[in-house]
Trainee: 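Pasting in a structure now, in structure tokens, and then I'll have a few things to ask.
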2 protein chains.
Amino acid sequence: MARSDLVIRADHVVTCDDAMTVIENGAVAVRDGRIAAVGSAASIEVEGADVLDARGRILMPGLINMHCHAGDSLFRGLVENLPLEPWLQTVWKAERAILDPATCRLGAEIGLAELLLSGVTTVMDMFWFPEETVRAAKALGIRVATGGIFFDPPGMDGHLADRRLADATAFFDAVEDDPLVFAGCLPHGTYTVSPQHLQNAARLSRSRGGFWCTHAAETKTEQATIVERYGRRVIAHLAELDLLGPDVVLAHCVHLDRAEIDLLAASGSHVVHNPMSNLKLASGFAPVPALLAAGVNVTLGTDGAISGNDLDMWLAIRLAATLHKATTGNAAAVTTGEALAMATRNGARALGAGDRLGSIEVGKEADLILVDTGRLHAAPLFDPVTHLVYSAGRGDVTDVFVAGRRVVEAGRLVNADVGALIAAADSLRPTIAASIA
Amino acid sequence: MARSDLVIRADHVVTCDDAMTVIENGAVAVRDGRIAAVGSAASIEVEGADVLDARGRILMPGLINMHCHAGDSLFRGLVENLPLEPWLQTVWKAERAILDPATCRLGAEIGLAELLLSGVTTVMDMFWFPEETVRAAKALGIRVATGGIFFDPPGMDGHLADRRLADATAFFDAVEDDPLVFAGCLPHGTYTVSPQHLQNAARLSRSRGGFWCTHAAETKTEQATIVERYGRRVIAHLAELDLLGPDVVLAHCVHLDRAEIDLLAASGSHVVHNPMSNLKLASGFAPVPALLAAGVNVTLGTDGAISGNDLDMWLAIRLAATLHKATTGNAAAVTTGEALAMATRNGARALGAGDRLGSIEVGKEADLILVDTGRLHAAPLFDPVTHLVYSAGRGDVTDVFVAGRRVVEAGRLVNADVGALIAAADSLRPTIAASIA
């Protein structure tokens with residue numbers, strides 16, 4: 001066997017493979033950015049490799065956050081304690097006032113840095129100036145799935161609808177072959193984008209082998225709007241337009257009827273559950289147990305920091321594992337293994353990257369994180385999977401590797417300065433506050 | 001003005017007073033364990049005092065966790081992915097097998113240490129051998145509200161029901177005049193304690209000026225049991241027995257009808273909302289907006305680590321502020337100020353200590369915490385109250401003072417060694433695991 005570049009040993013290797021295999025006193029060998037070997041620490045050859053002895057830690061795959069608007073971090077906590085509609089109008093006013101390539105880059109850096117520090121190694125992001133999101137992601141070393149937004153009203157980027165297809169095409173060209181970027185098209189939603197523009201986006205993403213992602217069935221109002229406008233519910237509308245399938249990622253899916261769940265399952269479309277956003281914006285409770293029972297691939301997301309107000313995938317995991325127990329009255333609804341899969345391998349599958357990401361298996365890319373269990377909330381530690389789902393948190397992540405490259409070390413970003421990002425956000429604060437005054 | 005012992009300056013002083021006053025560039029002076037002055041940093045005299053310059057931090061009152069079973073930390077994550085009934089039977093089997101004064105002391109130390117590190121300065125705890133909980137609390141420097149449990153079946157402490165009143169009386173005697181301890185009686189619930197024993201407990205607590213706390217209306221099954229047994233619902237049953245009032249603290253109150261909410265409001269009884277426990281155990285959603293609208297004093301709790309699985313009051317705050325938006329469809333339900341009050345001054349009021357604890361006001365005890373805002377999830381910081389409710393977390397608390405005494409310094413316990421506690425929990429792990437094998 002060829003020598004490895006790096007061997008990481010840990011008390012527990014939680015592989016997040018299909019069997020949710022956990023290896024006690026395990027180790028993972030990395031070579032050329034990929035996982036070369038997984039097994040007991042004793043079985044992994046270390047000669048010639050750097051060895052990282054992560055005693056008192058869990059080694060697991062990086063988290064995959066399938067729905068985010070990182071740039072919205074600039075508006076975190078700007079407006080609260082209002083009903084949804086006046087709140088949205090105020091936030092949009094602020095967005096319109098200050099968003100440009102530079103502010104979008106800053107917002108993306110702040111959001112993506114927060115994610116990376118918490119152990120997220122891949123994020124699907126929908127925001128204006130997505131090429132700036134890519135720049136921020138590459139500077140930090142996090143994988144990103146993004147692309148052109150489609151939106152029929154004038155966008156926050158100042159572009160009109162007739163320019164969207166060209167913008168989105170240029171995005172595909174710009175990131176082609178970039179191993180850290182998944183490219184796709186991201187129309188905003190069925191209520192803000194015409195059927196023709198939704199289909200234009202899909203034609204483009206399908207011709208380029210990319211994903212197609214939209215907000216779908218997030219609120220009752222949205223469902224009512226689409227029924228009134230098209231005479232059918234949101235998911236049926238997408239089906240009618242041939243906009244379901246294994247390349248389709250639908251964020252939210254809170255309000256679904258039985259027929260819509262069946263359409264999602266039969267088409268192999270992927271759902272992103274965003275529990276904190278759905279709570280805070282009063283959207284409701286996604287029917288996750290029914291989706292899982294129907295065989296739909298359910299992934300997890302944080303949504304943006306104006307509907308969170310942080311980007312905490314650990315909170316998303318915890319809520320995915322607990323909310324649906326209360327809505328169904330079944331304390332066994334959504335198991336710990338199911339919740340952890342949503343945050344890891346299910347996300348990889350939704351990206352069409354189930355063979356490359358999402359679990360610790362030989363041949364996959366070495367997107368790995370270390371979670372410190374030397375914390376009181378981890379004591380005693382009976383089962384690492386249970387711990388990760390019900391007790392662990394963003395503050396427990398010590399180290400993050402993307403494609404074998406260490407991008408967080410001992411709780412610090414390798415490629416960015418948190419203090420500088422906070423200072424930059426702070427310097428923009430008066431302008432943002434004034435924009436809604 | 002007499003000299004202060006300590007002056008703490010911070011970017012924001014979030015007082016949690018009735019008006020939720022926030023002082024930018026504020027300071028608090030402490031003398032003899034009490035708050036001697038509050039105001040702008042420039043206005044507070046520092047001569048002769050130690051000065052703590054907490055730049056980049058929020059100073060606020062310590063959190064008050066009104067429902068916990070700290071000792072259950074020993075069983076954290078022992079059994080999961082089971083429906084409630086078989087899960088409970090398994091946990092109880094483990095409790096029966098290993099609980100004694102020494103293990104209860106260890107469990108309490110682990111739980112209370114976790115709470116203190118996260119900024120909780122007062123906790124109401126219900127567990128076997130409550131005198132061990134008091135020892136653990138005093139060693140750590142956290143305030144505790146506890147007392148004798150009443151339980152008609154044989155207890156996990158090996159005691160029978162006929163001994164409970166004597167045990168509870170002895171507890172009052174033992175902690176009399178202890179400034180860190182609130183003493184009360186804690187009957188387990190209406191379905192496990194006879195009306196006579198519930199009333200015995202109340203006679204004792206009322207004769208000693210203590211609180212009376214029980215689990216109430218946690219599950220549908222509990223309501224059905226009480227209706228079947230007594231012909232009335234849980235809160236009506238308590239009212240009939242004269243067991244409501246300003247000395248009464250009721251944990252959970254998930255399943256209430258309109259008449260029960262009115263009874264709680266009219267009697268001045270206090271409710272403890274435990275959102276994470278109610279989710280994980282599939283109990284349901286407490287009607288918090290209706291309780292608040294009726295004028296009931298709603299406080300917050302974590303419950304124990306077998307229904308959590310951590311003791312995270314920040315998560316409780318976040319859920320209190322968001323869950324009820326989703327259940328009501330109103331994005332303005334439970335404001336940030338209401339959520340923060342639940343975790344601070346409402347708890348103090350429920351303890352009959354509204355004049356001593358729960359806010360930063362002159363004359364109150366100096367139970368204070370510092371929350372670091374030098375984190376990406378705090379950037380930008382438009383409003384500190386919003387940040388505390390929707391973004392802050394346990395990992396942000398740097399320093400904790402109880403009665404002016406620093407008990408957490410720079411994220412470390414002053415009076416206990418986390419590593420030793422974790423090691424002790426770990427050494428008990430095989431025995432606990434074997435007890436349910």
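Here the structure is a predicted model, which is why all the values come from computation and not from measurement. So that the names make sense, note that chain A is the first sequence line, chain B the second, and so on, each numbered from 1.
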Trainee: If you tally heavy-atom pairs under 4.5 Å against chain B, which of A:His324, A:Arg429, A:His377 wins?
Mentor: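 Going by pairs under 4.5 Å, I would pick A:His377.
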
Trainee: So do A:Leu323 and B:Leu323 actually touch side chain to side chain, heavy atoms under 4.5 Å?
Mentor: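 Sidechains of A:Leu323 and B:Leu323: in contact.
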
Trainee: Determine, stepwise, if the pair B:Arg76 / A:His387 fulfils side chain to side chain contact (heavy atoms under 4.5 Å, CB included).
Mentor: CA-CA 9 Å; B:Arg76 184 198 316 270; A:His387 169 68; 5.6 Å; no

Trainee: Within the structure provided, determine whether A:Met276 and B:Thr322 are in side-chain contact (heavy-atom separation under 4.5 Å).
Mentor: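 They are in side-chain contact.
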
Trainee: Would you mind checking which part of A:Leu84 comes under 4.5 Å of any heavy atom in chain B, side chain (CB onward), backbone (N, CA, C, O), both or neither?
Mentor: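 For A:Leu84, heavy atoms of backbone and side chain both lie under 4.5 Å from chain B.
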
Trainee: Taking B:Glu338, B:Glu114, B:Glu85, B:Arg375 one by one, which has the highest count of heavy-atom pairs under 4.5 Å against chain A?
Mentor: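 Between B:Glu338, B:Glu114, B:Glu85, B:Arg375, the count favours B:Glu114.
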
Trainee: Counting only non-hydrogen atoms closer than 4.5 Å, does B:Leu82 touch chain A with its backbone (N, CA, C, O), its side chain (CB onward), both, or neither?
Mentor: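 For B:Leu82, the contact with chain A is made by the backbone alone.
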
Trainee: With a 4.5 angstrom heavy-atom cut-off, could you sort out which part of B:Ala423 is near chain A: side chain, backbone, both or neither?
Mentor: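 It is neither, since no heavy atom gets under 4.5 Å.
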
Trainee: So, for B:Ala425 and A:Pro380, which heavy atoms are closest and what is the spacing to 0.1 Å?
Mentor: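 In terms of heavy atoms, the two residues are closest at O-CB, 3.9 Å.
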
Trainee: Decide yes or no for B:Thr386 and A:Val79: does some side-chain heavy atom of the first lie under 4.5 Å from some side-chain heavy atom of the second?
Mentor: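 Not touching, per the 4.5 Å side-chain cut-off.
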
Trainee: Please state whether the side chain, the backbone, both or neither of B:Arg394 comes within less than 4.5 Å of a heavy atom of chain A.
Mentor: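 The answer is the side chain of B:Arg394.
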
Trainee: Between B:Val418, B:Thr336, B:Val334, B:Asn278, which shows the greatest number of heavy-atom pairs under 4.5 Å with chain A?
Mentor: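 With the most close heavy-atom pairs to chain A, the winner is B:Thr336.
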
Trainee: Determine whether A:Val389 and B:Glu80 make a side-chain contact, defined as any pair of heavy atoms from C-beta on separated by less than 4.5 Å.
Mentor: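 No, too far: nothing below the 4.5 Å cut-off.
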
Trainee: Among B:Ser427, B:Pro83, B:Ala321, B:Ala378, which has the most heavy-atom pairs under 4.5 Å with chain A?
Mentor: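 Looking at each of B:Ser427, B:Pro83, B:Ala321, B:Ala378 in turn, B:Pro83 comes out on top.
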
Trainee: Between B:Leu78 and chain A, with a heavy-atom cut-off of 4.5 Å, which part of the residue counts as in contact: side chain, backbone, both or neither?
Mentor: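 Answer is both: backbone and side chain atoms of B:Leu78 are under 4.5 Å from chain A.
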
Trainee: Look up atom CZ in B:Phe382 and atom CD1 in A:Ile436, then write down how far apart they are to the nearest 0.5 Å.
Mentor: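 Rounded to the nearest 0.5 Å, the CZ-CD1 separation comes out at 7.5 Å.
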
Trainee: For A:Leu428, is it the side chain, the backbone, both or neither that has a heavy atom under 4.5 Å from a heavy atom of chain B?
Mentor: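 No part of it gets close to chain B.
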
Trainee: Quick check for you: among A:Asp426, A:Leu281, A:Leu74, which has the greatest number of heavy-atom pairs under 4.5 Å with chain B?
Mentor: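 So the answer, after comparing A:Asp426, A:Leu281, A:Leu74, is A:Leu74.
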
Trainee: Which residues from residues 325-333 of chain A are near chain B, with near meaning under 4.5 Å between non-hydrogen atoms?
Mentor: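 Those residues of residues 325-333 of chain A which have a heavy atom under 4.5 Å from chain B are A:Lys325, A:Ala326, A:Thr327, A:Gly329, A:Asn330, A:Ala331, A:Ala332.
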
Trainee: Rounded to the nearest 0.5 Å, how far does CG of A:Leu381 lie from CD1 of B:Ile422?
Mentor: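 The distance works out to 10.0 Å.
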
Trainee: Looking at A:Arg318 and B:Asn309, what are the two nearest heavy atoms and their distance?
Mentor: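 For A:Arg318 and B:Asn309, the tightest heavy-atom pair comes out as NH1-N, 4.2 Å.
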
Trainee: Please state whether the side chain, the backbone, both or neither of B:Ala305 comes within less than 4.5 Å of a heavy atom of chain A.
Mentor: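 For B:Ala305, there is no contact with chain A at all, as no heavy atom is under 4.5 Å.
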
Trainee: About how many Å separate CG of A:Leu311 and CG of B:Leu376, when rounded to the nearest 0.5 Å?
Mentor: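 Going from CG on B:Leu376 over to CG on A:Leu311, the span is 9.5 Å.
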
